[in-house]
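Just so it is clear: chains get the letters A, B, ... in the order the sequence lines come, proteins before strands, and each one is counted from 1. Please read these numbers as outputs of a predicted model, since none were measured by experiment.
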Amino acid sequence: MGGPLLEVRDLTVAFGPRDMPLRVVDGVSFALDRGETVGLVGESGSGKSMTALSVMRLVPEPPARIGGEIRLDGRDILGLPLREMPAIRGRDVGMIFQEPMSSLNPVMTIGDQIGEAISLHGRMTPAARRARVIELLTLVGMPDPEARIRAYPDQFSGGMRQRVMAAIAMACNPSLLIADEPTTALDVTIQAQVLELMTDIRERFNSAILLITHDLGVVAEICDRVIVMYSGRIVEEAPVEALFDAPRHPYTRGLLKSVPSFSETRERLYQIAGSVPPAGTIREGCPFRARCPLRMPRCAVEMPPMAAHGPGHRAACWATAEEAAA
Amino acid sequence: MARYLLYRLLDAIPTVFLVLSFVFVAMRILPGDPALAALGPQTDPAQLALFRERMGLNDPLWLQYLKFLWDAVRFDFGVSFLSNQPVSSLIARNLPHTIYLTLTSVVIGLALGIPFGVYAATRRNRPADSALRLYSLLGYAIPDFYLAAILLIVFALNLGWFPILGAGTGFWDGLHHIILPALTLALLKSAFLGRLTRTSVLEVLGRDYVRTARAKGAREGRVIYRHALRNALLPLSTGIGISILATLSGSVAVELVFNRPGIGRLLIDAISERDYPVIQAGVLMFAFFVIFVNLAMEVVYVLIDPRIRMAS
């Protein structure tokens, strides 16, 4: 069982005509070890959700075409026939989605929905399954779980539904938990509880967590490493401290500067000029160049490769690569 | 729930009252003399006058109306002008046939339409989907009496697989007799329901909770039948209600073509003979049927959707 738990190599998700493909994920490579929490950060449309859905193969193919390699525990996920995916989903990889309000089936009790996640991957007597559902609900901090299993999603608040989602995702103790913006739709106080729950889950089961978010505060709080995506590509990857201390990509620098801070008083919040180009529309050079303060002629022609900036720290930028070399 | 239904039943009283009034007025406005229609054009004028007197047709309209309402409240529909039989026994004899026809065609229509719709939804823009589109188009376009006549000619007259007329006696003979009439209505119904199912299922398949079901490791069959279809049934049940009601108007034509007994046929005969008591009772039966189906659909909503259950 050597090697990383999840290894993504040169992942590409493309839509549209083959001769003019729209690559919403373009050459993404990263790895995740057991017990590690990695944040996947980027603006809406940067391809982070597509990357995560590709690991589950939940991106509808067709119309999407997925290329590259995804290895989970050494197994080649993209090489598997689609009909073998249900056995992996939920058992090896659990997923929590962004919208707790719409991600639960409104006409099934939450007990049935969690119970289904259990019984899909193993036989169990109804009594044993019920006990396990109650155990999971207790684990995610649901008050009065015995009574709640017969309730419907509409009887719960957003935070409570996200706990139910977590219970579903953790039902089979998956080795990898993918959380796609699990706190975005929640109040700040509830956010903290859900984050605490995720750290708790990781410690208890030694699961790896891939946390997709655009909230750098969340990343600082629970992640070990961060991957920054921009327009379908990884632009920087670093351990959390290194990223916050010395970001090497101008996009990351911009992101960090746009986070409001209590310690300084600024007149106005920093804002990266311009807007994200729709993923896949920039086919040559660096996708960030139009908004980049460090732009140089080379950026328009050639996509910068990932350059090392320290242990586990890499960034794709011509300008900062020169800084580092100098 | 029981209280809720009781309220809905009370709500139906004004509806019934309006239906009754409308029928009364409509029958009096239409040209044609019921006495002449019942007794024939050769009848002696004195006898016609006697008939009118005995049937209360000489009373002022407002008195006829009040009498009519009072009788209706007591479910006393009087005696048929035409056959001289009590209207209640005519209804009792014909109603079961219409109910049987409706139920059979609804069951067949659902059994054909829903799986077809689901199948097409999961194969969007592929041949099965196009086939459903064509099928629905035909179903919308072909009138019920025409389809009834075609089925009658092909399967009963030419091939001789089914009896041509009547309702038959006993269960098996009755079943044999009802297949073609029920199929006529069911095919049209399934065209409508198939299209509706496809749309509802497609809409639901794009929802987040369907993705959650897949992420749990549910296979497609389970995703569709356990998660998607149950949610799709909510918008679909309205359509099912509408299509059951459409069977009523359809049953009129089908009972006529296949020469089956039934309320539709009873009503058509009564209208052509100006048989007021039978018309009034027949229309009232239809009104009751509509109210009953609407109530039944409300119960179905509540059973399917826990959100409605919690709100009520």
Any donor-acceptor N/O pair, B:Lys216 side chain to A:Gly94 backbone, under 3.5 Å: no
For the student: nearest non-hydrogen atoms of A:Leu120 and B:Ala218, plus distance: CD1-N, 3.6 Å
Atom pair CZ/CG of B:Arg226 and A:Asn105 - distance to nearest 0.5 Å: 9.0 Å
Heavy atoms from other residues, nucleotides or ligands near CZ of A:Arg150 exceed 12 (cutoff 6.0 Å): no
A:Glu116 with B:Arg222: basic N within carboxylate O range, under 4.0 Å: yes
B:Tyr209 side, atom OH; A:Met108 side, atom CE - distance, nearest 0.5 Å: 11.5 Å
Reported CZ-to-CD distance for the pair A:Arg83 and B:Glu220, which is rounded to 0.5 angstrom: 14.0 Å
Part of A:Leu104 lying under 4.5 Å from any heavy atom of chain B: backbone
Whether over 12 other heavy atoms sit under 6.0 Å from A:Phe15 CZ: yes
Heavy atoms from other residues, nucleotides or ligands near CZ of B:Phe22 exceed 12 (cutoff 6.0 Å): no
Pick from A:Pro86, A:Ala87, A:Gly90 with the largest number of heavy-atom pairs that fall under 4.5 Å of chain B: A:Pro86
Chain B contact via A:Met165 - side chain, backbone, both or neither, heavy atoms under 4.5 Å: side chain
Distance (rounded to the nearest 0.5 Å) between A:Leu53 CG and B:Arg211 CZ: 6.0 Å
Expected output: side-chain A:Arg91 to main-chain B:Gly217 donor-acceptor under 3.5 Å: no
A:Ser103 backbone acceptor or donor facing B:Thr212 side chain under 3.5 Å: yes
Which atoms of B:Arg207 approach chain A - backbone, side chain, both or neither, heavy atom under 4.5 Å: neither
